[in-house]
2 protein chains.
Amino acid sequence: MTDRTNHLPTKPAPGKAARPPKRAYHHGDLRAALMRAALALIAEHGVKGLALSDAARLAGVSVAAPYRHFKDKEDLLAEIAAEGFALFRDALAVASQKSQGDKVKGLAEMGAAYVEFAVQHRSHFKVMWEGGISKAEYPKVEQPAYQAFLLLRQAVIGLLPKAKPERQQALVSAAWSLVHGYATLMLEHELDVVAGAQSDMKQLRQSIHLLLDQFAAK
Amino acid sequence: MTDRTNHLPTKPAPGKAARPPKRAYHHGDLRAALMRAALALIAEHGVKGLALSDAARLAGVSVAAPYRHFKDKEDLLAEIAAEGFALFRDALAVASQKSQGDKVKGLAEMGAAYVEFAVQHRSHFKVMWEGGISKAEYPKVEQPAYQAFLLLRQAVIGLLPKAKPERQQALVSAAWSLVHGYATLMLEHELDVVAGAQSDMKQLRQSIHLLLDQFAAK
DNA sequence: GCCCTATGTGAAAGAGACTAACATTAATGT
DNA sequence: ACATTAATGTTAGTCTCTTTCACATAGGGC
C-alpha cells in the first residue's frame, strides 16, 4: 500500500534521465516534503482534518519520521504559518509598490493583493488565521506577520498623514477588517449568498473602491 | 435561567449521610448540560481544544453518554452553532429596530450589535464561524444564519433602495466584511497591535461610523 | 576505513471518538 | 397498580492519531 518511492510531485529532476526516485532510507528533503504534503491535505480536508500521520504516509515515510524535523504537529503548522506570512508580506510589498503615485489606488491594490493571496494560498491562509498558532510562542510566525501589518498600516496612514492618531487607527482597523473579513468570508463561501453573477475578484474590487475611494475624500 | 439542577461537579461522597445533589443514573437534562459544558471548555481551550469526553466528564456522566443525545461531536457543535445563530439573529433584529428613523444610525447599531455579540458570546461565535459545520448538512444551522444575513442585507439596502443591484451587493458584502473582519480580528487579539488606549467598542464605533457614514452620503 | 550524528523505523503507550451489549429508570397503557 | 416499552446511562472494547523510545542506516569529516 505504502508507496515509498513517491515524494509528492517530485519536482527535482534538475539533471537528465529521471533517476528512479527510489528513496533508500533517507529521504533527502523530508522537511519540505512534509510541509507540502500537509498543505495538500489541508486543501482537501481543512486544518482540522489534517493528520500528521497522513502527511507522513503521503511523503512516503513512517509516522514517526516527522518528529525528526518538527517538535510536534503544532510546530509543523507554525512553520507553515511562518512561510505563509512571509509570502503574504512579500505579496503586500509588491502591491504597495505598484501605484506609488496614486495612494488611493495603492491601497486598493494592497487590499486586492490581500484577498488574492487568500485565494491563491488557501491552505497557507487558513493555517495563518485559524491554525491556532500563538504568535507569542513562535517568533518565526510573528515577525513576518507584523511586517505585513506594518505595510498595510503604512499604506492606510499614507492617505491621512496629518489626521489625529485616533482617526488613523480607526482607519487602519477598518481597512484591515474590510479586506480580512472579505477574504475569510469568501474562503468559506459565505459571500455566495450575496453575489450576483459577478466574479469574486470583481466584486471585491468594487467593494474596495466603494469604500477606499472615500478614504481619500477626507 | 438554564440552571436545571446543578449537575456539573458531583461528588459521590462515599460516606453515608448527606443527601448531596446525588444524581441517580438519569441526569435530567444532559443535552443542555453537555452544550453548556462544551461552551465552557471552548471558552477555555478553543474549538479545536474541545474534547467531547471532557464535556461528558464536566457534566458528570460517562464518555459514552453524549451519544444518546448527539450523533457525534460535530452534531454537538452544529447544535451550538444553531443556537448561536438564533441568538445572533435575534440580537441583530433588536438592533435593527433601535433607530428606525435614522437608517445610517440603524446600520451602525447593527454593526455594533454584530461585534458585541462576538464579544459576549465568544464561544458560540467561534463555533459558528470556525466550527467547520457545513450549513448544507445542517439546516438547523443554515436557517437562522440566513435570517441573520437577510437582516443585515435589508439594513444595508435600506440605505440605497434605488441603486443598481451590483452596487447594492458590493455594499452588502463590504459592510458584512467590515464588521465580520473586525469581530474575528478582535477575538484573536490581532487588533491589539493597532489600538491606542481606546477601548475595543469605542474603536469599533469609530471605525463603523467612519465608513458607514459615507454610505449615506451616496 | 571509522566514528559521529542526522535521519528514518517499528513498537508501544496514551488519549479521544465512537460502538455494542447491558443496566436502570421513566412513561405509558390497561 | 403493574407490566411492557422507550429513554437514557454505563462498562468494555475497537480504531485512529499523537508522541516517545530504542534501534537501524547512511553520509561526511578525519
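Heavy atoms only: backbone and side chains are in, while hydrogens, waters and symmetry mates are out. Below, chain A is the first sequence line, B the second, and so on; all start at residue 1.
- Residues of residues 71-83 of chain B having a heavy atom closer than 4.0 Å to DNA chain C, listed by number: B:Asp72, B:Lys73.
- Atom NZ of A:Lys48 is separated from atom P of C:dG16 by 16 Å (rounded to the nearest Å).
- In this view, A:Ala32 and A:Asp29 satisfy the side chain to side chain contact (heavy atoms under 4.5 Å, CB included) rule, not counting sequence neighbours.
- Rounded to an integer number of Å, the gap from CG of A:Asp29 to P of C:dA6 is 17 Å.
- Heavy atoms from other residues, nucleotides or ligands lying under 6.0 Å from CD of B:Gln154 number 12 at most.
- Surrounding CD of B:Glu74 are more than 12 heavy atoms belonging to other residues, nucleotides or ligands, all under 6.0 Å away.
- Between A:Leu152 and A:Val156, some side-chain heavy-atom pair lies under the 4.5 Å cut-off.
- D:dT19 atom C1' lies 16 Å from atom NE2 of A:His69, rounded to whole Å.
- For the side chain to side chain contact (heavy atoms under 4.5 Å, CB included) test, residues two or more places apart in sequence or in another chain that qualify with B:Ala93 are B:Leu151.
- Between B:Phe70 atom CZ and C:dA17 atom P there is a gap of 14 Å when expressed in whole angstrom units.
- Within 6.0 Å of the CD atom in A:Gln147, the count of heavy atoms belonging to other residues, nucleotides or ligands exceeds 12.
- The environment of CZ in B:Arg89 is crowded: more than 12 heavy-atom neighbours from other residues, nucleotides or ligands sit within 6.0 Å.
- Heavy atoms of B:Ser53 sit under 4.0 angstrom from primed sugar atoms or phosphate atoms, though from no base atom.
- Base contact: B:Ala64 has a heavy atom under 4.0 Å from a base atom.
- Other residues, nucleotides and ligands contribute over 12 non-hydrogen atoms within 6.0 Å of the CD atom of A:Glu137.
- Checking C:dG16, D:dT11, D:dC17 against the side-chain heavy atoms of A:Arg57 singles out D:dC17 as nearest.
- Projected onto DNA chain D by closest heavy-atom contact, A:Arg68 and A:Leu52 fall at different nucleotides, the more 5' of which corresponds to A:Leu52.
- Two rings, from B:Trp176 and B:Phe149, have their centers less than 6.0 Å apart.
- Spacing between atom CG of A:Leu30 and atom P of D:dT25 amounts to 18 Å, rounded to whole angstrom units.
- Distances from the side chain of B:Ala65 to the nucleotides D:dT19, C:dG8, D:dG9 place D:dG9 closest.
- Atom OH of B:Tyr67 and atom P of D:dT11 are 16 Å apart (whole Å).
- Backbone-only contact: B:Ala51 has heavy atoms under 4.0 Å from sugar-phosphate atoms and none from a base.
- Two residues are said to be in side-chain contact when any heavy atoms from C-beta on lie closer than 4.5 Å; B:Val119 and B:Phe125 fail this criterion.
- Under the 4.0 Å criterion applied to side-chain N and carboxylate O atoms, A:Arg31 and A:Glu79 are assigned as salt-bridge partners.
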Enumerate all atom pairs, one protein N or O and one N or O from nucleotides 4-7 of chain D, separated by less than 3.5 Å.
none

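- Within residues 129-141 of chain B, no residue places a heavy atom under 4.0 Å from DNA chain C.
- Evaluation of the ring pair (Phe, Tyr, Trp, His ring centres under 6.0 Å) test over residues 60-92 of chain B, restricted to residues two or more places apart or in two chains, returns B:Phe85-B:Trp129, B:Phe88-B:Tyr114, B:Phe88-B:Phe117.
- Remark: P of C:dG8 and CZ of A:Arg31 are 12 Å apart, rounded to the nearest angstrom.
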